[in-house]
Amino acid sequence: MAKDPYTRLVEAVTSAIAEKVGEDKQKIFYLIGKPPREELGDLSFPAVRYEKRGAATVDELIQAITDKLEEEGIDYAEVSRAGAYINIKILAERAIKHVANMLKEYQRLELPKTENPQRLVVEHTSANPIHPMHMGHARNATIGDTLSRLLRARGHLVNTRFYVDDVGKQVAVAAYGVRILGIDPLEEAEKRGIKPDEFIGWIYAVTHTLVDVKMLKKEIEESGDKSLRDKLDDLLLVLKDLEEKGPREYFDRLLEHIGRVEDPEKEISELMVRYERGEEPEKGLVRRVAETALVGIQATLDRMNVSFDAWDWESDLVWSSRVGRLIEEAKKSKYFTWYKGAEAIDIPRFVKEVLSRDPDLRKYFKLPRGFEIPPLILRRSDGTTLYTTRDMAYTIYKFEAWSADKVYNVIGADQRLAQLQLRLALAAIGYVREAVNLVHYDYELVTLPGKKLSSRRGRIITLDNILEELKATAWIEVKKRNPDKPDKWINDTAEKIAIGAIRFKMIQTSAPKPIVFSVEKALDLSENSGPYLQYTYARASSILRKHGPVNYEAIRPGSCNDPDRRRLLIEALRFPLTAAKAADDLAPEQLAVYLLRLADMFNSWYQKDTVIREPDPGARECKALLVELVRNVIGSGLDLLGIPVLERM
RNA sequence: GGGCCCGUAGCUCAGCCAGGACAGAGCGCUGGCCUCCUAAGCCAGUGGUCGGGGGUUCAAAUCCCCCCGGGCCCGCCA
């Protein structure tokens with residue numbers, strides 16, 4: 001595949017320097033930067049560090065680069081020296097013919113493929129199947145999906161998976177409520193025109209709160225502790241709120257039934273235990289409840305442009321005896337132990353005996369200095385398994401199912417210790433390769449200003465709600481600009497803008513930083529936003545529509561030397577390497593930032609240099625090529641970010 | 001108590017891992033630009049002890065140490 005001239009140049013320069021100073025190519029690549037002032041050139045390298053070290057003088061390096069460029073037949077770059085820096089300038093009038101050839105062949109600019117393609121699993125989102133997705137899931141899904149897109153584009157074989165967490169208390173609570181109502185939840189939701197995940201979410205919240213109220217009342221009666229009164233009042237308020245949000249008859253039935261039952265928590269636990277054993281009718285019931293929620297979750301994911309290759313049910317792992325086998329293996333391991341009377345893995349001893357003697361391994365696990373962690377319990381005294389135990393079995397399964405070299409878990413930063421514990425436990429019982437190649441891709445949580453999010457009380461702002469708000473704002477704007485377009489087009493366009501806005505917001509802040517999500521700010525569709533990129537793309541498309549196909553042969557190369565055009569050309573050509581680096585660094589925000597910078601440059605240029613009315617055909621075609629190039633780059637970039645591209649808006 | 005993450009302009013953030021040539025965007029605020037290719041745009045102005053203090057270095061927002069502020073995590077929960 002023909003590489004773009006910029007990538008070719010950078011690769012040539014990188015290998016010339018790397019060979020000369022005997023350093024890793026990757027390291028040199030990271031050191032190559034941009035000169036502070038444009039006149040100096042387009043690439044820069046701080047040669048001083050190698051001259052000081054005696055590896056090579058600046059002049060020797062320049063010679064090496066020059067030789068390399070000649071060898072590679074690169075005739076569109078000029079190498080110069082500025083003190084201890086080496087600067088390289090791209091000669092636009094010569095590079096332009098390579099760009100034209102590239103555009104003739106390709107609709108989209110491709111990333112240079114990795115030299116080390118791997119089989120990768122990306123597990124992400126994995127929202128509990130008891131309520132609609134909220135903003136935290138939006139961040140998870142956007143990060144997971146964007147990473148997958150980037151890694152695929154870089155040439156890796158990526159398998160995306162959603163873990164359906166249906167074993168455990170939460171789903172049992174929702175199922176308990178559904179059982180009381182005696183309904184098929186999916187049919188019922190459809191009949192009533194309620195989104196299935198919202199319906200389950202409501203049942204879950206009502207059931208959970210009613211049970212809580214009951215237990216709390218009992219506690220107050222028994223202990224006479226008045227301080228619990230406030231808590232109770234709070235719960236009753238939540239309940240009142242929920243009462244208005246769902247079907248009256250169902251609320252009454254749940255209220256009546258749970259009020260009558262002696263010990264609802266015990267019944268929920270029994271339901272849970274029977275489900276884990278795979279006994280009917282609980283098996284069918286709980287599955288149905290989870291499936292219902294998933295129908296709704298999947299609809300939201302579809303809107304968000306997020307799809308999965310596989311859906312893994314936690315219950316399948318339990319029923320298929322994978323979890324049982326894991327425990328058997330663990331029992332044979334050197335680090336098996338009994339802890340508080342339960343079967344466990346002795347992580348402290350493993351850390352002490354193995355990791356302290358193996359600094360490499362210790363580094364892989366990134367152990368904190370004063371690291372202390374209790375043994376990991378594998379099974380409760382009543383024989384049921386714990387979440388982390390099942391997760392260990394799941395991790396092994398993920399590696400097997402895709403013959404994966406690496407598994408990425410996109411999970412919130414609050415799970416850091418749990419994920420570390422999981423990896424250590426796996427290593428302790430012999431799954432060292434899996435433990436080392438399991439990567440916790442952690443991100444900070446999304447909060448809303450003010451209230452804390454609480455899904456158990458149905459007090460969440462769902463992703464669907466936010467999307468609808470964004471869409472409504474976009475709709476007004478689209479309608480204003482396109483009064484004659486059919487309603488369907490306006491609606492679709494508004495939807496795509498809403499997706500662009502939310503996905504961009506979720507990706508532009510780097511993962512370790514918390515996002516305080518402000519609805520008003522997300523509704524601002526101006527600069528530094530997804531819609532701004534969509535707009536820039538639409539603008540470029542519009543120009544090309546009016547101009548017609550670019551006549552590459554008519555380009556007068558000299559006209560591309562105009563400083564503004566040259567700058568735009570070079571910046572656009574940085575796309576493939578920028579995206580490749582974003583993929584390698586697992587840092588999609590790098591791509592987002594780059595695209596904004598390019599869009600700024602394009603819009604600024606657009607304002608002062610007309611394309612269609614340019615009288616000189618040689619210059620006009622050069623500009624048209626630039627528009628086409630920028631359009632392709634932003635289009636490719638938006639594809640990678642999973643943001644819909646719009647020809648008009 | 002211990003550990004992890006974050007702290008850059010009034011606000012939201014990029015740059016830090018891989019130290020380099022004057023610290024960058026957007027929002028906001030002030031003023032200007034549509035008989036002309038999409039004004040969701042553009043131009044000009046405004047704004048910073050890079051949380052604080054030490055250290056390493058020819059060179060520190062970037063690396064190391066200490067301190068301060070905010071968040072999170074330390075269950076037979078998931």
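Per chain, numbering begins at 1; letters A, B, ... match sequence-line order. All values reported here derive from a predicted model rather than from experimental measurement.
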OP1 or OP2 of [N] versus the side-chain N and O atoms of [X]: is any pair under 4.0 Å?
X	N	result
A:K513	B:G7	yes
A:R539	B:A39	yes
A:Y30	B:G19	no
A:T509	B:U12	no

Have a look at [X] and say if it touches a base, only the backbone sugar-phosphate, or nothing, with a 4.0 Å heavy-atom cut-off.
X	result
A:P374	nothing
A:E314	nothing
A:V627	nothing
A:R648	base
A:P36	base
A:K581	base

Spacing of the P atoms in B:C67 and B:C58 (rounded, Å): 28 Å

Could you measure between the two P atoms, the one in B:G70 and the one in B:U62, and give it in whole Å? 23 Å

Quick one: the side chain of A:N87 and the base of B:A21, do they pair up donor-acceptor inside 3.5 Å?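 Indeed, a donor on one side and an acceptor on the other fall under 3.5 Å apart.
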
Please determine whether any donor N or O and acceptor N or O are separated by less than 3.5 Å between the side chain of A:D24 and the base of B:A18.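 Side chain to base: no pair present.
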
Nucleotide paired to B:U46 in any strand shown, Watson-Crick or G-U, under 3.5 Å: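 WC or wobble partner is B:G28.
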
Taking the inter-plane angle between the rings of A:F602 and A:W605 on a 0 to 90° scale, is it parallel (under 30°), tilted (30 to 60°) or perpendicular (over 60°)? tilted

Name all residues meeting the ring pair (Phe, Tyr, Trp, His ring centres under 6.0 Å) criterion together with A:F575; count only those two or more places apart in sequence or in a different chain, and write none if there are none.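 Not a single residue meets the ring pair (Phe, Tyr, Trp, His ring centres under 6.0 Å) criterion with A:F575.
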
Report the distance from atom CZ of A:R139 to atom C1' of B:U12, rounded to the nearest whole Å. 13 Å

Would you say A:T578's side chain and A:R574's backbone share a donor-acceptor pair under 3.5 angstrom? yes

Just by protein heavy atoms under 4.0 Å, how would nucleotides 27-33 of chain B read 5' to 3' in B, S and -? S------

